[in-house]
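So you know, we letter chains A, B, ... as the sequences are listed, proteins then strands, and number each from 1.
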Protein chains: 2
Amino acid sequence: MKSANENLSDILANKGLKSSHQRLKILEYLANNPCHPTADKILHEMKNELPTLSKSTVYKTLNSFVEANLLRELTIEDREIRYEYNLEDHGHFKCEECGEVYDFKINFDIFHSKELEGFKVNDKNIYFKGVCKSCLSNKN
Amino acid sequence: MKSANENLSDILANKGLKSSHQRLKILEYLANNPCHPTADKILHEMKNELPTLSKSTVYKTLNSFVEANLLRELTIEDREIRYEYNLEDHGHFKCEECGEVYDFKINFDIFHSKELEGFKVNDKNIYFKGVCKSCLSNKN
DNA sequence: GTTCCTGCAAAAGCTTTGCAGAAGA
DNA sequence: TCTTCTGCAAAGCTTTTGCAGGAAC
């Protein structure tokens with residue numbers, strides 16, 4: 001039976017990415033934490049396990065992963081790139097009160113626009129903003 | 001018959017915003033140019049008409065307008081906030097080759113997600129990325 | 001006369017880049 | 001051994017902030 005890291009290692013290899021301790025740990029973190037973290041959050045969350053991990057390594061790693069289609073980049077807000085390992089079609093909801101980002105299922109195939117005929121679509125994003133259930137009930 | 005600027009002036013007043021030469025010109029520019037400009041583009045496009053216009057005025061003005069729901073902010077890419085005067089529901093397509101942003105009609109009412117029941121949705125965004133028709137045909 | 005806006009400069013914040021040494025294959 | 005990754009520091013860019021003078025009402 002393979003360990004989780006052997007699997008992740010294979011994933012990197014399949015994408016043509018060299019393996020390293022840092023890369024495996026960052027990928028593992030993203031696979032286990034579907035919380036749409038920013039680069040900064042990842043850095044701080046991993047400081048215990050990887051005390052010497054640097055910002056630039058995190059940024060370079062995340063960019064390699066995005067380029068290899070291993071991660072998806074979320075640009076819901078300016079100056080706050082978030083990353084997720086979930087590559088299936090889905091939408092995002094960001095709560096303006098608590099900042100939490102929620103996933104929700106959505107079928108992207110329902111979109112058909114005559115205006116986009118002849119266009120090559122590589123990436124589809126949908127995000128909503130508002131107030132989440134939990135913040136709404138805290139107000140009452 | 002009112003001039004266009006008198007109308008824009010009324011719009012500002014209705015939103016509780018003080019009128020000024022700069023604000024009217026910036027709003028006029030956005031109303032006439034549905035090209036989803038960035039703050040920087042607006043600044044440069046207006047240099048002829050308003051030679052002393054400053055970056056900070058542009059940023060502050062745009063932020064006031066967004067807060068007053070007079071403009072919509074697009075965050076398709078990080079570090080590149082674009083603005084538009086069109087507040088009707090529609091989607092955006094950004095061409096990865098030429099950088100152009102296209103609007104397309106979309107009915108946001110078709111989205112129904114059980115996962116968002118009990119959530120208060122204030123803002124809906126949808127954007128696609130890919131290659132536009134014009135860039136595709138230039139390749140052949 | 002007040003209030004709020006403008007514009008200059010400086011600061012802030014996130015992301016990228018350059019480079020020397022280290023790690024991986 | 002050769003390539004590529006890591007991590008430090010510095011640079012780059014967009015956006016925000018502070019403040020004095022000026023415009024709007």
Phosphate-side-chain proximity, B:R23 and C:dT6, N/O vs OP1/OP2 below 4.0 Å:
yes

Would you give a per-nucleotide map of nucleotides 8-18 of chain C, 5' to 3', where B means the base has a protein non-hydrogen atom under 4.0 Å away, S means only the sugar-phosphate does, and - means neither?
B----BBBBBB

What is the separation between atom CD1 on B:I76 and atom C1' on D:dT14, rounded to the nearest whole Å?
17 Å

Check whether any side-chain N or O of A:T75 sits under 3.5 Å from a backbone N or O of A:I81 as a donor-acceptor pair, and report yes or no.
no

Side-chain N,O (B:T61) to OP1/OP2 (C:dT6) below 4.0 Å:
yes

Inter-axis angle, terminal five-pair segments of the helix from C:dG1-D:dC25 to C:dA25-D:dT1 [nearest 10°]:
40°

Could you give all pairs that pass the salt bridge (charged side-chain N to carboxylate O under 4.0 Å, His left out) test and reach residues 57-84 of chain A, with sequence neighbours left out?
A:R72-A:D123, A:E77-A:K94, A:E77-A:K129, A:E80-A:R82, A:E80-A:K94

Selection residues 130-140 of chain B - residue pairs positive for salt bridge (charged side-chain N to carboxylate O under 4.0 Å, His left out), sequence neighbours left out
B:E97-B:K139

Sorted by chain and residue number, the side chain to side chain donor-acceptor pair (under 3.5 Å) partners of B:T57 (sequence neighbours excluded) come out as B:S54

In the hydrophobic clustering that connects Ile, Leu, Val, Met, Phe, Trp and Tyr at side-chain heavy-atom distances below 4.5 Å, which members other than B:L136 occupy its cluster, ordered by chain and number?
B:V131

For atom CG of A:L24 and atom P of D:dC5, their distance in whole Å
13 Å

Heavy-atom closest contact (B:V58 atom, B:A39 atom, distance):
CG1-O, 3.7 Å

Length of the CG-C1' vector between B:L12 and D:dC25, whole Å:
14 Å

Compare side-chain N and O positions of B:Q22 against OP1 and OP2 of C:dG7 and report whether any pair is under 4.0 Å apart.
yes

Can you tell me how far P of D:dT15 sits from CD of B:E77, to the nearest Å?
13 Å

If a pair satisfies ring pair (Phe, Tyr, Trp, His ring centres under 6.0 Å) and one of its residues is in residues 39-74 of chain B, list it, with sequence neighbours excluded.
none

Once salt bridge (charged side-chain N to carboxylate O under 4.0 Å, His left out) is applied, what residue pairs with a partner in residues 33-52 of chain A remain, sequence neighbours excluded?
A:K25-A:E49

In this structure, how many angstroms lie between the P atom of D:dG7 and the CE atom of A:M46, rounded?
11 Å

If I take atom NZ in residue B:K25 and atom P in nucleotide D:dA23, what distance separates them, rounded to the nearest angstrom?
18 Å

Expressed as a whole number of angstroms, how long is the span from B:R82:CZ to D:dT15:C1'?
16 Å

Atom NZ of A:K18 and atom C1' of C:dG24 are separated, to the nearest Å, by 5 Å

Got a list of side-chain donor-acceptor pairs under 3.5 Å for residues 99-106 of chain B, not counting sequence neighbours?
unit_1 : atom_1 : unit_2 : atom_2 : d
B:D103 : OD1    : B:H36  : NE2    : 2.7
B:D103 : OD1    : B:H90  : NE2    : 3.4
B:D103 : OD1    : B:H92  : NE2    : 3.2

